[in-house]
Amino acid sequence: MKQMFEKGENMIDQNTLKILTDSAKYDVSCSSSGSERKRDFGIGNCHMAGICHSFTQDGRCISLLKILMSNKCVYDCLYCVNRRSNDVPRASANPKDLCELIMDFYKRNYIEGVFLSSAVDKSPNETMERLLDTVIMLRKVYGFNGYIHLKGIPSADRLMVMRAASFVDRMSFNIELPSEKSLKLLAPQKSKNAIIRPMRELSSEYLIAKEEKRKHFLPAGQTTQMIVGASDESDGKVLKLTESLYSFYKLKRVYFSSYVPTNYDTNLLPKTSVGLLKEHRLYQADWLLRFYGFSASELISEDEDLDPMLDPKCAWALKHPELFPVEVNTAPPEVLVRVPGIGIKGANKIIMARRYTKLTLEDLVKMRIVTKRAIHFITANGKFFGKEHLPTVRLLLSLNDKALEPKQMSMFSDQETTLSLITGEL
Amino acid sequence: MIVYKFDSTKEGLLCCLFESFSKKELPELVTSSTFQEQFEMQVKIIETNAVNAERVSKGLIKYGSIALLNRLFYALRSSDSLSENAVFQVAYKCLKNRRDETYNLTDSDVLYFTDLCSKINTERHRYLGFTRFSEAQGGILYAHIEPDNDIVDLIAPHFVKRLALRFIIHDVVRNKVVISDGKAFEVFKPTTPLVVYLSPKEKEIEALWQKYYQSVNITERKNLKQMHNFMPRRYEKRLVETKNLSSPIFKD
């Protein structure tokens with residue numbers, strides 16, 4: 001912390017900012033939601049729903065200043081741009097400069113807060129300590145009450161992690177890969193235990209903090225991220241893992257990041273990215289787990305992959321013809337949201353409108369409920385307009401899947417998924 | 001065809017409803033703006049009268065709620081030329097059927113009305129993020145915005161709570177200014193043009209932000225269509241990160 005007392009204007013220069021951002025941008029999470037931190041003194045507060053401040057050309061939102069303290073790494077994880085053996089420009093920032101930058105950006109309303117992470121510079125403990133210093137300086141010296149998402153460093157001292165958690169809004173330890181086997185192969189210096197242990201400790205502390213009404217302990221909870229497509233786990237396995245992370249460790253979000261090759265000097269990794277469709281389908285399924293009351297085993301068995309040609313809800317509905325069609329005028333909300341094409345918003349509209357009148361198919365169209373997929377699974381005022389022959393329905397559903405339109409194949413994911421990814425929609 | 005013309009105030013609109021019910025007639029258009037009069041139009045100028053307005057607002061509260069009244073007025077912030085008419089038609093239905101009709105989504109007037117509300121709401125939320133302040137000499141923060149709807153006083157409380165700093169937000173479309181001392185805010189219409197001298201540091205910070213904006217983009221995943229879905233192009237010229245970028249990279 002000695003730089004803190006140096007004289008003069010300490011501003012991060014453009015080059016350092018570029019290096020530290022370039023290294024941080026592959027982290028998917030940018031959500032600023034889930035926290036209602038108030039301003040007692042100083043500047044800033046948090047907005048429960050999160051706020052997007054800008055959008056980059058890849059269609060992702062900028063909500064937080066996503067930056068590393070340092071990209072100098074002692075680890076050599078094969079999939080990572082910052083791995084030790086990679087020849088990339090290196091830089092690091094000191095806590096004070098970083099705080100100044102954050103404050104300058106925040107008060108101009110460029111950002112909602114900061115997503116602070118770091119490569120493992122020297123050792124996990126030293127890295128975690130620098131992160132902790134920065135966070136405490138931001139909160140205590142600069143009086144900053146904006147959103148802080150702090151990336152935890154695996155194998156760092158437990159007490160430091162817990163202390164950091166009492167200052168930040170959200171913390172995340174990246175699972176990195178969906179199985180221990182892949183982790184051993186691709187990130188030999190990280191162990192499953194070093195990642196899972198702090199997650200478990202944070203989640204039990206989180207529950208205690210809730211009980212004791214310590215509202216400043218991780219108000220926005222924990223999240224994690226894993227790379228899909230770099231190793232050979234099935235989607236079923238990934239989803240099962242995701243589900244257990246939600247139920248055992250009370251995570252708020254699990255992010256998937258489609259593997260993008262950045263290192264070409266190894267045979268252990270695919271040379272090309274798997275495409276974004278896999279990631280897209282996983283997010284759709286994740287959505288069904290979190291908001292639609294589905295369980296992973298309902299959607300898919302553990303050794304299966306999700307059907308690339310159908311969204312997971314359509315695939316599920318086709319497997320259960322005995323449950324359909326449902327009558328839109330009488331079906332309870334939890335049944336309506338299971339109809340392909342009807343989402344939470346659509347279901348809400350239907351429930352509101354049917355209090356006034358018996359809904360017909362024309363009414364649904366008028367209300368802008370997407371009926372292309374839904375017609376095969378609903379009756380409106382007793383009338384059925386869909387097809388009954390399942391293979392035909394399957395074909396039609398697949399034809400109406402936006403993600404499969406050639407132009408959109410290259411897309412990050414559809415708007416709805418990305419929006420949810422951004423806002424976290426808790 | 002009956003047309004009601006009123007003075008654009010909320011009370012005025014309520015008086016249109018009063019007139020309509022007391023004369024037992026349903027105007028086809030209710031507006032405060034000038035319009036092309038046509039031969040078959042029977043235009044009535046509706047006088048604003050506090051007593052009548054009060055009676056109508058009491059009625060709406062009785063059949064619906066205060067929230068209903070607020071929701072109706074909320075839609076008047078829209079720049080849509082038919083917004084006043086839409087609010088009138090929905091309010092008329094509420095009074096006639098003696099219930100809150102604003103969730104009757106199969107009704108075209110209600111649908112039009114809820115669309116207006118959601119557009120205003122979306123824009124309000126967007127500007128919580130898309131408002132960009134510059135630091136002027138003396139430390140006051142200044143932002144100019146160009147919203148489609150009249151939302152500047154809707155976003156102001158957010159910034160008062162958040163920043164607790166002196167700031168000005170200028171709606172340049174309506175020449176409407178919100179000024180805050182960090183504790184409360186006031187709305188006024190300036191009579192002379194506002195002149196703002198930026199602090200010397202401003203250029204440097206803007207350059208850093210532009211650098212960040214470019215660096216955080218993943219070029220392999222370029223997807224301008226999606227970017228513009230979330231951030232329509234009309235916002236670009238007032239955003240620090242997009243205003244100076246030469247256009248080629250922003251073309252599809």
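- To the nearest 0.5 Å, the span separating CD on Gln14(A) from CG on Leu208(B) amounts to 5.5 Å.
- With respect to chain B, the highest number of heavy-atom pairs below 4.5 Å among Arg354(A), Arg355(A), Glu112(A) belongs to Glu112(A).
- With a 4.5 Å cut-off on non-hydrogen atoms, Phe159(B) touches chain A through its side chain but not through its backbone.
- Counting heavy atoms from C-beta on, the side chains of Cys52(A) and His125(B) never come closer than 4.5 Å.
- Interatomic distance, CD of Gln226(B) versus CZ of Phe55(A), reported as 8.5 Å (0.5 Å rounding).
- Minimum heavy-atom separation, Lys366(A) to Ser108(B): NZ-OG, 3.7 Å.
- Using a 4.5 Å cut-off between heavy atoms, Thr219(B) does not touch chain A at all.
- Although no hydrogens or angles enter the test, the distance criterion places a donor-acceptor pair under 3.5 Å between the side chain of Asn109(A) and the main chain of Thr131(B).
- The OG1 atom of Thr106(B) sits 11.5 Å away from atom CD of Glu362(A), with the distance rounded to the nearest 0.5 Å.
- Taking the six-membered ring for Trp and thresholds of 30 and 60 degrees, Tyr110(A) and Trp209(B) have nearly parallel ring planes, at less than 30 degrees apart.
- For Phe188(B), the CZ atom sits in a packed shell: over 12 heavy atoms of surrounding residues, nucleotides or ligands are nearer than 6.0 Å.
- Remark: side-chain polar atoms of Tyr212(B) are paired, donor with acceptor, to backbone N or O of Lys66(A) under 3.5 angstrom.
- More than 12 heavy atoms of other residues, nucleotides or ligands lie within 6.0 Å of CD in Glu146(B), so this atom counts as buried by the packing criterion.
- Of all the listed residues (Ile51(A), Asn145(A), Leu359(A), Leu20(A)), the one sharing the greatest number of non-hydrogen pairs under 4.5 Å with chain B is Ile51(A).
- Note: Ser54(A) leads Ser54(A), Gly44(A), Ala353(A) in heavy-atom pairs under 4.5 Å with chain B.
- Scanning residues 62-97 of chain B against chain A with a 4.5 Å heavy-atom cutoff picks out nothing at all.
- Heavy atoms closer than 4.5 Å to chain B are found in both the backbone and the side chain of Leu65(A).
- From Arg368(A), atom CZ reaches atom OG1 of Thr114(B) across 7.0 Å, with rounding to the nearest 0.5 Å.
- More than 12 heavy atoms of other residues, nucleotides or ligands sit less than 6.0 Å from atom CZ of Arg174(B).
- Summarising the geometry of Ser215(B) relative to Asp22(A), their closest heavy-atom pair is O-OD1, 3.3 Å, with the distance given to 0.1 Å.
- Surrounding OH of Tyr103(B) are at most 12 heavy atoms belonging to other residues, nucleotides or ligands under 6.0 Å away.
- Residue contact with chain B, scored on non-hydrogen atoms closer than 4.5 Å, is absent for Asn15(A).
- Annotation: side chain of Tyr106(A) is in contact with side chain of Arg162(B) (closest heavy-atom distance under 4.5 Å).
- With rounding to the nearest 0.5 Å, the separation of CZ in Arg60(A) from CZ in Phe230(B) is 12.5 Å.
- Interface residue Leu101(A): only side-chain heavy atoms are found under 4.5 Å from chain B.
- Contacts of Thr357(A) with chain B are made by side-chain atoms alone, with heavy-atom separations under 4.5 Å and no backbone atom involved.
- Panel note: side chain Arg39(A), backbone Leu163(B); no donor-acceptor pair is recorded below 3.5 Å.
- For Ile205(B), the parts lying under 4.5 angstrom from a heavy atom of chain A are both the backbone and the side chain.
- Nearest heavy atoms, Ala164(B) versus Gly42(A): CB-O, 4.4 Å.
- By number of non-hydrogen pairs under 4.5 angstrom with chain B, the leading residue of Met367(A), Met352(A), Lys18(A), His53(A) is His53(A).
- The OH atom of Tyr213(B) lies 14.0 Å from the OG1 atom of Thr21(A); values are rounded to the nearest 0.5 Å.
- In this structure, Glu202(B) pairs ionically with Arg108(A), as a charged nitrogen and a carboxylate oxygen lie closer than 4.0 Å.
- The parts of Ala207(B) that come within reach of chain A are both its backbone and its side chain, each placing non-hydrogen atoms under 4.5 angstrom from that chain.
- Of the atoms belonging to Ile62(A), it is side-chain heavy atoms, and not backbone ones, that fall under 4.5 Å from chain B.
- Both the backbone and the side chain of Leu128(B) come within contact range of chain A, each with at least one heavy atom under 4.5 Å from a heavy atom of that chain.
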